[in-house]
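Written out below as structure tokens is the structure these notes cover.
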Protein chains: 2
Amino acid sequence: MARIAFWYEFASTYSYLSAMRIEEMAREAGVAVDWRPFLLGPIFAAQGWTTSPFNLYEAKGRNMWRDMERLTAARGLGLRRPDPFPQNGLYAARLALIGADEGWGPAFTRAVYRAEFAEGADISDKAVLAAALRSVGLDADALLARIAEPEVKDRLKAQTGEAQARGVFGAPSFFVGDELYWGDDRLEQALAHARASD
Amino acid sequence: MARIAFWYEFASTYSYLSAMRIEEMAREAGVAVDWRPFLLGPIFAAQGWTTSPFNLYEAKGRNMWRDMERLTAARGLGLRRPDPFPQNGLYAARLALIGADEGWGPAFTRAVYRAEFAEGADISDKAVLAAALRSVGLDADALLARIAEPEVKDRLKAQTGEAQARGVFGAPSFFVGDELYWGDDRLEQALAHARASD
């Protein structure tokens, strides 16, 4: 079966857009999705950025929020700006990595994005993550206990290192084989490539 | 008649994409296009950038060129990387400003972009600009003599200042009234807005 890898960062507004539509689009295209949560922070830091470029460059940030308003309205999604922005998605990414193995990663990821960007919740708050876990039928306490495990921490570090090594510089990013597509705007093109190369 | 303002920088690869398709798309949508050449250099400098972000951020630049390869292939456009990149589009922008008043701005703009990004020519070279002017039936010597006129220089400075004041931070940018759309990827959305607000 044709495959696409979906690399996403929980703090990323455009990753929210892709997370909410990739599964249905991929199913229609007959393409399987590998959900790959990672952290942009270390990659941005290597570029000399201490926060989101949308905060560093004010006009760019203003446009991004207006663009998100237009796109979420057109797609029937909620939009409420979380405070602070960007959010700290470390715990969410560790949980999503566990979930990617256990089959509940996509549903949990969507629940976190909905809390963060449709409801404006703080996803560094374990209570918010617990609610997201429970909303998809999971044992929140047992899973939250695992985010401090060394192997979970190491795995997220390795995943982030892999992203950087493969040339990922922003999120969402999509890979079809070694071909990188950057941004929610390229999801259609990436899926067409995956289907054609099956 | 509904209107869209097309703000473009001659050094910008994605402005090339929009310049080659906006007129036909706007005609089909029943929207008039105002061609607004400007310089990104002073705007980037105000953000602390000394060159294109595609040069400052290597992975981002690599992706941009690959993205351009895919998009130009899909649209039947040529792509040859000019050296240096970014090109100095100062003279081209001054000429395009004169052309915007005299009706030949769009055809001249496309001729310059084709020379720069389909043929890899250096558009700071007056011989290249002369060839672009002649290709659309103009008196190259007479027009090139005007690029040193103080009123032409001042007008480009004012146009660039207006872009910055209106929140333009990259190119291409489109305005429908005060609504800003950034990037070739938003051209369809901007035209739909222009048509709806007619």
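Throughout, a chain's letter reflects where its sequence line sits, starting with A, and its residues are numbered from 1. Since the model is a prediction, treat every value here as computed from it, not as a measurement.
- Counting heavy-atom pairs closer than 4.5 Å to chain B, the top residue among A/R186, A/R66, A/Q47 is A/R186.
- If you chain together hydrophobic residues whose side chains sit under 4.5 Å apart, B/F174 and B/V168 never meet in one group.
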Practice task
Could you give me the CA-CA distance, side-chain angles and deciding distance for B/F169 and A/N63, then say whether side-chain contact (heavy atoms from CB on, under 4.5 Å) is met?
Solution key: CA-CA 9 Å; B/F169 58 92; A/N63 174 73; 3.4 Å; yes

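- B/L17 and B/L40 fall into different hydrophobic clusters, where Ile, Leu, Val, Met, Phe, Trp and Tyr residues are linked whenever their side-chain heavy atoms come under 4.5 Å apart, directly or through other members.
- Both A/L71 and A/Y113 belong to a common hydrophobic cluster when Ile, Leu, Val, Met, Phe, Trp and Tyr are linked at side-chain heavy-atom distances under 4.5 angstrom.
- The CZ atom of A/F44 lies 10.0 Å from the OH atom of B/Y57; values are rounded to the nearest 0.5 Å.
- Put simply, A/I43 and A/Y181 are part of two different groups of oily side chains (I, L, V, M, F, W, Y) that touch within less than 4.5 Å, one to the next.
- Across B/A59 and A/G167, no two heavy atoms sit closer than the pair CB-O, 3.8 Å.
- No path of Ile, Leu, Val, Met, Phe, Trp and Tyr side chains, each step under 4.5 Å between heavy atoms, connects A/M25 with A/F175, placing them in separate hydrophobic clusters.
- Inter-residue side-chain proximity for B/M64 and A/W182 is flagged as unmet; no heavy-atom pair is nearer than 4.5 Å.
- With chain B as the partner, the residue from A/H193, A/R62, A/E58, A/Q189 showing the most heavy-atom pairs under 4.5 Å is A/Q189.
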